[in-house]
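Beneath this line is the structure, given in structure tokens, with notes to follow.
Computed from a prediction, not measured in an experiment: that's the story for all the values here.
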Amino acid sequence: MTITSWLAASRHTVVLTGAGMSTESGLPDFRSPRTGLWARFNPSELATIDALYHRRESFVEFYQYRIRTLQQCQPHDGHRLLADWERRGIVQTIVTQNVDGFHQEAGSRRVIELHGSLRTVHCQRCGESKPSFVYLHGVLTCECGGVLRPSVVLFGEPLPEKAIDQAWEAARQADLFVVLGSSLQVSPANQLPLVAKRSGAKLVIINWEPTELDDLADAVIHQRKIGEVLNELNEQLAEVDP
């Protein structure tokens with residue numbers, strides 16, 4: 001059996017995407033040497049509630065940089081193929097660790113965002129949401145007087161309970177679980193492939209570097225761009241089901 005045949009036969013395919021999916025669109029991740037956000041900022045100090053209130057200028061500068069960078073990038077072929085596969089019934093659910101919103105921009109509808117979204121900001125006091133571009137125009141407070149902050153999960157904050165519950169349920173239902181561009185180092189996302197495997201799913205890991213779960217996977221692909229691999233699989237699917 002091959003990845004293509006598993007995709008063709010699967011009734012519930014779940015895809016987990018991580019930073020490697022976004023870096024192919026040109027977005028810097030947190031950890032890559034020289035190009036990652038750590039090379040310019042210290043996210044563990046700035047992406048925090050403490051910084052929101054006590055290092056406000058640095059917090060805003062950090063997120064203005066991230067929002068500005070996001071506006072300069074766009075979904076790549078891999079994002080668009082996943083959206084197409086959803087429309088064709090090949091993929092049922094996308095769970096993402098990314099906050100860029102590229103899956104939705106590419107057309108995917110069933111997306112579970114574990115770490116929130118950089119596409120919006122919201123008031124820390126009343127919860128009112130606004131598009132994130134207002135941050136670039138210096139709109140930093142809400143009409144109610146509360147502080148505006150990006151709608152992402154900051155260090156030390158819990159992940160959204162609804163998203164976690166949905167991701168867990170999707171993993172339990174999966175008969176094929178595909179990891180794209182995640183190092184599988186961050187909990188609880190790195191537990192989702194294990195949940196799927198325990199439920200009987202095939203596990204495919206496509207990531208530039210090895211992960212700690214490679215030995216449990218039914219298929220592993222390293223040192224390949226995700227967009228290229230998905231394009232190849234899509235061509236093979238056309239041959240399986242013309």
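- The cluster map of Ile, Leu, Val, Met, Phe, Trp and Tyr, joined by side-chain heavy atoms under 4.5 Å apart, puts V95 and F177 in the same cluster.
- Side chain of D175 to main chain of S10: no donor-acceptor pair is present (N/O by atom type, distance under 3.5 Å, no hydrogens or angles).
- The distance from atom CD of E232 to atom CG of L81, rounded to the nearest 0.5 Å, is 11.5 Å.
- Partners of D218 under the side-chain contact (heavy atoms from CB on, under 4.5 Å) rule, at least two apart in sequence or in another chain, are W6, K197, K202, L203.
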Under the side chain to side chain contact (heavy atoms under 4.5 Å, CB included) criterion, do Q64 and I67 qualify, and how do the steps go? CA-CA 5 Å; Q64 284 178 332; I67 293 166; 5.9 Å; no
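- Nearest approach of L46 to F59, heavy atoms of both residues: O-CD1, 3.0 Å.
- At least one side-chain heavy atom of Q97 sits less than 4.5 Å from a side-chain heavy atom of V186.
- Between A189 and P193, the closest heavy-atom pair is O-CD, 3.4 Å.
- A donor-acceptor pair under 3.5 Å is formed between the side chain of S5 and the backbone N or O of T2.
- Annotation: side chain of L70 is in contact with side chain of L27 (closest heavy-atom distance under 4.5 Å).
- In plain terms, the two heavy atoms of V14 and A174 that are nearest each other are CG2-CB, 3.7 Å.
- The 12-atom threshold is exceeded at CD of Q72, counting heavy atoms of other residues, nucleotides or ligands nearer than 6.0 Å.
- Of all heavy-atom pairs spanning E105 and R119, the tightest one is OE1-NH2, 2.6 Å.
- Every side-chain hydrogen bond (donor to acceptor under 3.5 Å, both in side chains) that R149 has, sequence neighbours left out, goes to Q124, E157.
- Looking at N231, its side chain does come within 3.5 Å of a backbone N or O of G227 through a donor-acceptor pair.
- Distance check, rounded to the nearest 0.5 Å: CZ of R110 to CD of Q166 gives 12.5 Å.
- W85 is listed as a side-chain neighbour of N234, based on a closest heavy-atom distance under 4.5 Å.
- Checking Q104 against E113 by side-chain atom types alone, a donor-acceptor pair falls below 3.5 Å.
- Residues passing the side-chain hydrogen bond (donor to acceptor under 3.5 Å, both in side chains) test with E169 are R172, Q173, sequence neighbours excluded.
- Proximity of a side-chain donor or acceptor of E86 to a complementary backbone N or O of T93 within less than 3.5 Å is not detected.
- A donor atom on one side chain and an acceptor atom on the other are not found under 3.5 Å apart for N207 and R224.
- The distance from atom OG1 of T13 to atom CD1 of I94, rounded to the nearest 0.5 Å, is 11.0 Å.
- With a 4.5 Å cut-off on side-chain heavy atoms, L140 and V147 do not count as touching.
- At least one side-chain heavy atom of I3 sits less than 4.5 Å from a side-chain heavy atom of I221.
- In the hydrophobic clustering of ILVMFWY residues, with side-chain heavy atoms under 4.5 Å counting as a link, L213 and V229 come out apart.
- Checking side-chain atoms of R125 against main-chain N and O of C144 turns up a donor-acceptor pair under 3.5 Å.
- Each of S25, S22, S117 was scored for a side-chain hydrogen bond (donor to acceptor under 3.5 Å, both in side chains) with D100, with one residue passing: S22.
- Residues V111 and L16 do not share a hydrophobic cluster, defined by chaining ILVMFWY side chains whose heavy atoms lie under 4.5 Å apart.
- For the atom pair CG of L7 and CD of Q236, the computed distance is 9.5 Å after rounding to the nearest 0.5 Å.
- Formation of a donor-acceptor pair under 3.5 Å by the E128 side chain with backbone atoms of C142 is not found in this model.
- Counting heavy atoms from C-beta on, the side chains of N98 and M21 come closer than 4.5 Å.
- Here the CH2 atom belonging to W208 is positioned 5.0 Å from the CD atom belonging to Q223, to the nearest 0.5 angstrom.
- Residues W168 and Q191 form a side-chain contact, since some pair of their non-hydrogen atoms from C-beta on lies under 4.5 Å apart.
- Although no hydrogens or angles enter the test, the distance criterion places a donor-acceptor pair under 3.5 Å between the side chain of E24 and the main chain of I226.
- Pairing each heavy atom of L118 with each of S132, the nearest pair is O-OG, 3.0 Å.
- Panel note: side chain H76, backbone T23; no donor-acceptor pair is recorded below 3.5 Å.
- Crowding of E161 atom CD: a count of heavy atoms from other residues, nucleotides or ligands under 6.0 Å not exceeding 12.
- A salt bridge is absent between D165 and K162: the closest approach of a Lys/Arg side-chain nitrogen to an acidic carboxylate oxygen does not fall below 4.0 angstrom.
- Legend: side-chain hydrogen bond (donor to acceptor under 3.5 Å, both in side chains) pairs involving residues 134-147, not counting sequence neighbours, sorted by first then second residue: R56-Y135, K130-E143.
- Every residue meeting the ring pair (Phe, Tyr, Trp, His ring centres under 6.0 Å) condition with H103, not counting sequence neighbours, appears here in chain and number order: H79.
- Tested against H115 for a side-chain contact (heavy atoms from CB on, under 4.5 Å), the candidates V152, L154, L159 yield a single pass: L159.
- Of the inter-residue distances, the one linking K225 atom NZ with I206 atom CD1 reads 15.0 Å to the nearest 0.5 angstrom.
- Linking ILVMFWY side-chain heavy atoms closer than 4.5 Å, directly or via other members, places L52 and F62 in a single hydrophobic cluster.
- L194 and I205 fall within a single hydrophobic cluster, where Ile, Leu, Val, Met, Phe, Trp and Tyr are joined by side-chain heavy atoms under 4.5 Å apart, directly or via other members.
- Of all heavy-atom pairs between S182 and T211, the closest is O-CG2, 3.6 Å.
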Could you walk me through whether E61 and R66 pass salt bridge (charged side-chain N to carboxylate O under 4.0 Å, His left out), step by step? CA-CA 9 Å; E61 180 189 4; R66 293 194 66 189; over 6 Å; no
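- Q71 pairs by the side-chain hydrogen bond (donor to acceptor under 3.5 Å, both in side chains) definition with nothing, not counting sequence neighbours.
- With contacts defined as side-chain heavy-atom distances shorter than 4.5 Å, the pair R80/P75 qualifies.
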